Amino acid sequence: MANLAIPTIDLSPFFNNEDAENSKKRVKEIIRQACSEYGFFQVVNHGVPLDLLSRAMELSKAFFRFSDEEKLECNPNAGAPLPAGYSKQPEISPDKNEHILMFPPETGFNILPGNPPDFREAMEELFSYFTKAGQLVESIMNDSLGLPENFLKEYNNDRSWDFMVAMHYFPATESENNGITPHEDGNTVTFVVQDEAGGLEVCKNGEWIPVIPELGKIVVNLGDSIQVMTNKKFKSATHRVVRPKGRSRHSFAFFYNIQGDKWVEPLPQFAKEIGETAKYRGFFYKDYQALRMRNKTRPPARPEDAINITHYEISTS
């Protein structure tokens, strides 16, 4: 029953050639409400081919079955905005997973394996479809916020910092089951596809709701950047991953991002122009990314000491 609390939105009106303006308006309103209240929803008929999702998931599982020695041949590219290639969380990390991270193919950052043979092709194709889905959701949010046409597209027109991660979570032990600790993403929009093991949970009104995996559904959650830009009109979604017992968990996460040199602050449409005080200080996105990366590479002794978007919040007291 808990999964019913997560809105599932049909995006097919945006792919139909026939007049579907009323249907589009309804979708925009549902998304506006979901983004305003808790920052997450699921989509179907999103334009990402289901056979590609299935094929990419199987290839990802095949890669993570390789030995550590083979996987480490894709050692990360330190020159990328984030380490592109294969990484495994250090033992001291509370997050128990390994992953392979990629940027847009044209950036030249990626270090992808030659085996399985079709891995690179499938990942690059999936990346392309997720990018298009990100542009669509961004456009819908733009209209839902009442912004001028293509405002967010023109503001966020550099796709070089978008990235996708293929994830493998190790089975839970008797003493702990954490996959990723509760957090918010730093970007604008994230897409998540998980295998049948599930494990993703989202926080709504203080309660954790398991997201039950269903074929064809993609989870969408908003990140900190859109919360800052809208001056908290749209919410950054809190979520976590709980590892299942007796089996691994696999997923894809695509991060529709902001280019690192972009200045992020509350837009005047949601602050000065409507007489509201800005709730955040402005920042360069790359600086916030670096602080978040430090949480991973040098985890604080207490999880509550990890740096998040409240670092830039303006106190009203």
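It should be emphasised that the depicted structure is a prediction, and the values quoted were computed from it without experimental measurement. Numbering of residues begins at 1 and proceeds along the displayed sequence.
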Open item on the list: Would you say Asp95 and Tyr169 are linked by a side-chain donor-acceptor pair, where the criterion is simply a distance under 3.5 Å?
Closed with: no

TODO: Indicate yes or no for a side-chain donor-acceptor contact from Asn97 to the backbone of Gly179 under 3.5 Å, with no hydrogens or angles considered.
DONE: yes

Task: CG-CG distance between Leu147 and Leu267, expressed to the nearest 0.5 angstrom - done: 6.5 Å

- [ ] Please go through Phe284's hydrophobic cluster and name the other residues, only I, L, V, M, F, W, Y counting, with side-chain heavy atoms under 4.5 Å joining them.
- [x] Trp263

- [ ] Would you name the heavy atoms of Ala84 and Phe103 that are closest together and state the gap between them?
- [x] CB-CD1, 4.0 Å

Open item on the list: With a 3.5 Å distance limit and no angle check, can you tell me whether Lys96 reaches the backbone of Ser93 through a side-chain donor-acceptor pair?
Closed with: yes

Task: Glu207 atom CD, over 12 foreign heavy atoms within 6.0 Å - done: no

TODO: Report yes or no: is the cationic atom of Lys279 (NZ for Lys, CZ for Arg) under 6.0 Å from the centre of the six-membered ring of Tyr312, at an angle within 45° of the ring normal?
DONE: no

Task: Of Ile218, Val211, Ile9, the residue whose pairing with Gln42 passes side-chain contact (heavy atoms from CB on, under 4.5 Å) - done: Val211

Task: Gap between atom CE of Met57 and atom CG of Leu52 - 0.5 Å precision - done: 11.0 Å

- [ ] For Gln269 and Pro148, work out which heavy atoms get closest and say how close.
- [x] NE2-CD, 4.2 Å

TODO: Go through the steps to decide whether Tyr288 and Asp224 satisfy the test side-chain contact (heavy atoms from CB on, under 4.5 Å), and finish with yes or no.
DONE: CA-CA 10 Å; Tyr288 183 41; Asp224 292 336; 2.5 Å; yes

Open item on the list: Show the nearest heavy-atom pair for residues Val27 and Pro13, with the distance to one decimal.
Closed with: CG2-CG, 4.3 Å

Open item on the list: Donor-acceptor check, side chain of Thr230 to backbone of Ile226, threshold 3.5 angstrom: yes or no?
Closed with: yes

Open item on the list: Could you tell me if the side chain of Arg32 sits less than 4.5 Å from the side chain of Phe234, heavy atoms only?
Closed with: yes

TODO: Return yes if a side-chain donor-acceptor contact under 3.5 Å exists between Gln33 and Glu29, otherwise no.
DONE: no

Open item on the list: Using 0.5 Å steps for rounding, measure from the CG atom of Asn257 to the CG atom of Asn156.
Closed with: 8.0 Å

- [ ] Side-chain contact test, heavy atoms from C-beta onward, threshold under 4.5 Å: evaluate it for Thr8 versus Val43 and give yes or no.
- [x] no

TODO: Would you sort out whether Thr310 and Glu313 count as a side chain to side chain donor-acceptor pair (under 3.5 Å), showing the intermediate values?
DONE: CA-CA 5 Å; Thr310 57; Glu313 199 162 11; 5.3 Å; no

Open item on the list: Please determine whether the number of non-hydrogen atoms from other residues, nucleotides or ligands lying under 6.0 Å from atom CD of Glu273 exceeds 12.
Closed with: yes

Task: Close side-chain approach of Met164 to Met123, heavy-atom, < 4.5 Å - done: yes

Open item on the list: Angle between ring planes, Tyr86 versus Phe64, binned at 30° and 60°: parallel, tilted or perpendicular?
Closed with: tilted

Open item on the list: Quick check for you: to the nearest 0.5 Å, what is the distance between Ser36 atom OG and Ile31 atom CD1?
Closed with: 11.5 Å

Task: Backbone N/O of Gly216 and side chain of His46: donor-acceptor pair under 3.5 Å - done: yes

Task: Non-hydrogen side-chain atoms of Ser160 and Gln259 separated by less than 4.5 Å - done: yes

Open item on the list: Measuring only between side-chain heavy atoms, which start at C-beta, is His183 closer than 4.5 Å to Asp185?
Closed with: yes

Task: Side-chain donor-acceptor contact under 3.5 Å, Tyr256 with Glu138 - done: yes

Open item on the list: Please check: side-chain N/O of Lys262 versus main-chain N/O of Tyr155, any donor-acceptor pairing under 3.5 Å?
Closed with: yes

Open item on the list: Between Asn221 and Phe191, does the side-chain contact (heavy atoms from CB on, under 4.5 Å) criterion hold? Intermediate values first, please.
Closed with: CA-CA 7 Å; Asn221 68 261; Phe191 297 114; over 6 Å; no

Task: Contact check, side chains of Trp208 and Val202, non-hydrogen atoms, under 4.5 Å - done: no

TODO: Under the side-chain contact (heavy atoms from CB on, under 4.5 Å) rule, what do Lys88 and Asp68 come out as? Steps first, then yes or no, please.
DONE: CA-CA 10 Å; Lys88 188 175 183 178; Asp68 285 351; 3.7 Å; yes

Task: Contact summary for Asn150 and Asn142, nearest pair of heavy atoms - done: N-ND2, 3.8 Å

Task: Ring geometry between Tyr38 and Phe40 (parallel below 30°, tilted from 30 to 60°, perpendicular above 60°) - done: tilted

TODO: Go through Ser225 and Asn187 one step at a time and tell me if the side chain to side chain donor-acceptor pair (under 3.5 Å) criterion holds.
DONE: CA-CA 5 Å; Ser225 294; Asn187 58 323; over 6 Å; no

TODO: Keeping the roles fixed (side chain from Thr107, backbone from Pro104), state whether a donor-acceptor pair exists under 3.5 Å.
DONE: yes

- [ ] Output the distance between atom NZ (Lys71) and atom NE2 (His99), rounded to the nearest 0.5 Å.
- [x] 12.0 Å

Open item on the list: For a quick test of reading the model, state the closest non-hydrogen atom pair linking Ile100 to Pro113 and the distance between them.
Closed with: CD1-CD, 3.6 Å

- [ ] Measure the shortest side-chain to side-chain distance between Leu200 and Arg249 over non-hydrogen atoms and say whether it is less than 4.5 angstrom.
- [x] yes

Open item on the list: I'd like to know if the side chain of Ser87 and the backbone of Pro83 have a donor-acceptor N/O pair within less than 3.5 Å.
Closed with: no

Open item on the list: Distance alone, cut at 3.5 Å: any donor-acceptor contact between the side chains of Gln227 and Tyr280?
Closed with: yes

For residues 240-248, which side-chain N or O atoms pair as donor and acceptor with protein atoms under 3.5 Å away, sequence neighbours left out?
from: Arg240; atom 1: NE; to: Glu201; atom 2: OE1; distance (Å): 2.8
from: Arg240; atom 1: NH2; to: Glu201; atom 2: OE1; distance (Å): 2.7
from: Arg243; atom 1: NE; to: Phe170; atom 2: O; distance (Å): 2.6
from: Arg243; atom 1: NH1; to: Glu176; atom 2: OE1; distance (Å): 2.8
from: Arg243; atom 1: NH1; to: Glu176; atom 2: OE2; distance (Å): 3.2
from: Arg243; atom 1: NH1; to: Asn178; atom 2: O; distance (Å): 2.6
from: Arg243; atom 1: NH2; to: Pro171; atom 2: O; distance (Å): 2.9
from: Arg243; atom 1: NH2; to: Glu176; atom 2: OE2; distance (Å): 3.2
from: Arg247; atom 1: NH2; to: Glu196; atom 2: OE2; distance (Å): 3.3
from: Ser248; atom 1: OG; to: His168; atom 2: NE2; distance (Å): 2.9

- [ ] Using atom types as modelled and distance alone, determine if a side-chain donor or acceptor of Thr131 lies under 3.5 Å from a backbone N or O of Phe127.
- [x] yes

Open item on the list: For a side-chain contact (heavy atoms from CB on, under 4.5 Å) check, start with the C-alpha distance between Glu276 and Ile274, then their side-chain angles and the critical distance, and finish with the verdict.
Closed with: CA-CA 6 Å; Glu276 289 193 10; Ile274 60 173; 3.8 Å; yes

Task: From CA spacing to verdict: salt bridge (Lys or Arg N to Asp or Glu O under 4.0 Å), Asp143, Lys24 - done: CA-CA 10 Å; Asp143 294 349; Lys24 289 180 181 179; over 6 Å; no

Open item on the list: Is the shortest side-chain heavy-atom distance between Met141 and Leu136 below 4.5 Å?
Closed with: no

TODO: Verify whether one side chain among Glu125 and Ser128 offers a donor that lies under 3.5 Å from an acceptor in the other.
DONE: no

Task: Exercise: identify the closest heavy-atom pair between Asn110 and Pro105 - done: ND2-CA, 3.8 Å

TODO: For atom NZ of Lys28, decide whether the heavy atoms of other residues, nucleotides or ligands shown that lie under 6.0 angstrom number more than 12.
DONE: yes

Open item on the list: Whether the side chain of Asn45 engages the backbone of Leu11 through a donor-acceptor N/O pair (distance < 3.5 Å, no angle test) should be reported.
Closed with: no

TODO: Determine the interplanar angle of the Phe119 and Phe63 rings, folded into 0 to 90°, and report it as parallel if under 30°, tilted if 30 to 60°, perpendicular if over 60°.
DONE: tilted

- [ ] Output yes when a side-chain donor or acceptor of Arg120 lies under 3.5 Å from a complementary backbone atom of Pro117, and no otherwise.
- [x] no

Task: Plane angle bin for Phe163 and Phe255 - parallel if under 30°, tilted between 30 and 60°, otherwise perpendicular - done: parallel

